[in-house]
Amino acid sequence: MERKRALVTGACGFTGGHMIELLVKEGWEVVATDLKREEHKQYYCEEGELHPAYYEDIIEKLKVEFIPADLTKKETLIPLFEGRPPYDAIFHIASLYDYFALWEVLYKVNVIGAKNLAELAIEYKARRFIHWSTEGVYGEAKDGPIDEDHPFNPPNDYSRSKAEQEKVLWTLHKEKGLPLTVLRPAPIYGPRHRYGVYHILYGIRRIGTGVIISWYPKKKTLMFPSVHVIDLVRAALFCAEHDETIGKAYNVLSECITQTELLEFLYDALGIKKVVRIPVYWPIYKFFSKIAMKIITALDRKARKKGIRPKVDVPMAGYLTHQYWFSNKRLKDLGFEYIYEDPRKGLWDYITWCKERGWL
Amino acid sequence: MVQGKGVAVKVGLLDVPLIIVIGGICAYLYAKHLIKKNKDWYAFLILFFTVIFWLNIILSNSGVIPKPWFGILGTVRVHPLIGTFYVLSYPLWFSWGAERIFQIFGRSPEEEGVLWPFTLKERGEPFKPSWKS
């Protein structure tokens with residue numbers, strides 16, 4: 001039987017590496033693409049403990065074909081397609097996921113880049129185009145968990161670029177038949193991850209004292225959405241193998257837990273023994289959160305002037321006061337089963353992985 | 001508070017604020033330097049300073065020295081019961097001061113306390129691998 005063929009973009013990123021590992025394990029023939037390491041630095045301000053990393057060793061270890069390309073330069077993408085049989089699936093993971101990046105750069109990489117790739121996917125008759133978006137396109141949940149039909153209201157430049165990116169791809173799907181499936185993952189974590197959820201864990205370890213705030217009135221509860229990278233890449237493969245997913249979008253996330261449940265778990269898992277519990281009336285909490293946001297925004301400005309980046313990007317601090325709550329029902333109704341239904345199980349595995357390597 | 005010469009004990013007026021400040025300084029030194037040498041340093045410091053403060057009270061009330069801290073930091077005479085509770089509470093005040101500093105600056109060289117998100121530079125030392133599954 002002929003092996004299925006996949007193209008994976010963003011192959012040297014955190015999720016891309018996991019996607020390749022899964023595809024190889026499942027017997028797929030993989031062509032991997034990403035920027036060259038030196039080009040990667042053009043888009044990311046700096047690499048380090050708290051920034052997206054570049055992992056070319058996964059590709060070397062798995063011995064998959066690697067063709068470097070830049071999504072923003074269409075001509076560099078042609079060698080991925082020319083003279084090759086059509087791909088059974090393109091997993092378009094590559095994206096500039098950086099809250100510190102400027103809008104022009106985000107637009108160029110995320111919107112123009114996706115358009116360039118999708119046009120070639122149509123021209124060279126790829127059978128499936130699995131695209132990575134984000135839950136961030138929806139913005140805040142006002143009444144209960146948000147499903148895939150919720151209108152877009154992106155709260156920051158990165159999410160706005162992903163919303164624009166989706167619009168372009170849906171247009172290509174409707175007008176030119178791009179066999180598109182969109183995944184909208186919640187914040188992703190898992191081995192090798194170090195931008196996003198990692199900030200929460202890293203911050204807790206650096207601060208060393210836990211704070212749990214009980215809000216009043218008691219019905220005020222903020223949720224924490226997340227997904228383990230293993231579940232995310234499994235969901236992508238599941239969609240690639242189910243043609244009924246063409247033309248649809250799917251939220252990909254574990255069951256949401258409350259921020260309080262998350263913190264109780266993290267303090268325990270990270271060995272934070274001193275935990276301060278503060279009961280606060282919600283408007284007062286919001287007032288102090290706004291002050292914190294102002295300080296973080298000022299630090300962001302100061303960092304930009306100095307040519308460095310702050311420890312916490314401003315949109316990340318939005319979790320202090322905004323409700324991000326999403327439904328994973330559509331994908332589950334299709335028969336997909338999560339390994340990490342409870343995020344605490346996945347976070348425990350991830351924290352253990354980090355502790356073994358001195359990351360936490 | 002007893003001001004006369006009846007049944008009363010002499011205690012240092014500024015003992016509590018002083019021991020809070022000392023607790024804070026010790027906490028900082030312990031978290032950033034001493035913990036690396038020996039984790040028991042904190043227990044030693046709290047014991048050492050508490051004993052000094054207690055000795056000061058014992059010596060002044062037994063007439064060896066005229067007043068706590070030779071009167072430099074102010075003295076009050078209080079009922080013996082109040083005085084006993086006051087003096088016994090010294091280690092608690094030391095811990096209270098230390099805990100505030102731990103929260104602000106962290107409890108170990110890797111930690112930076114609540115200041116962490118509000119500063120631009122990483123000051124904490126790298127984490128060490130701490131788990132084997």
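Values in this document were obtained by computation on a predicted structure and should not be read as measured data.
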Measure from NZ or CZ of A/Lys220 to the centre of the six-membered ring of A/Trp282, then state whether that distance is under 6.0 Å and the direction lies within 45° of the axis.
-> yes
Do the non-hydrogen side-chain atoms of B/Leu45 and B/Tyr42 ever get within less than 4.5 Å of each other?
-> no
Is it the backbone or the side chain of A/Trp353 that comes under 4.5 Å from a heavy atom of chain B, or both, or neither?
-> neither
Answer yes or no: is there an ion pair linking A/Lys345 with A/Asp342, defined by an N-O contact shorter than 4.0 Å?
-> no
Taking NZ, NE, NH1 and NH2 as the nitrogens, is one of them in A/Arg37 or A/Glu56 under 4.0 Å from a carboxylate oxygen of the other?
-> yes
Using non-hydrogen atoms and a 4.5 Å limit, figure out which bit of A/Arg205 sits close to chain B: side chain, backbone, both or neither.
-> both
Contacting moiety of A/Leu299, where chain B heavy atoms sit under 4.5 Å = both
Looking only at B/Leu115, B/Thr119, B/Ile104, the option with the highest number of non-hydrogen pairs under 4.5 Å against chain A is B/Thr119
Applying a strict 4.5 Å limit to non-hydrogen atoms, the region of A/Val211 in contact with chain B is neither
N-O pairing of A/Glu264 and A/Arg344 below 4.0 Å | no
Quick one: of A/Ile207, A/Val312, A/Ile296, who has the most non-hydrogen atom pairs under 4.5 Å with chain B?
-> A/Ile207
Is the shortest distance from a Lys or Arg side-chain nitrogen in B/Arg123 or B/Glu112 to a carboxylate oxygen in the other one below 4.0 Å?
-> no
Counting heavy-atom pairs under 4.5 Å to chain A, which of B/Gly106, B/Gly124, B/Ser108 comes out on top?
-> B/Gly124
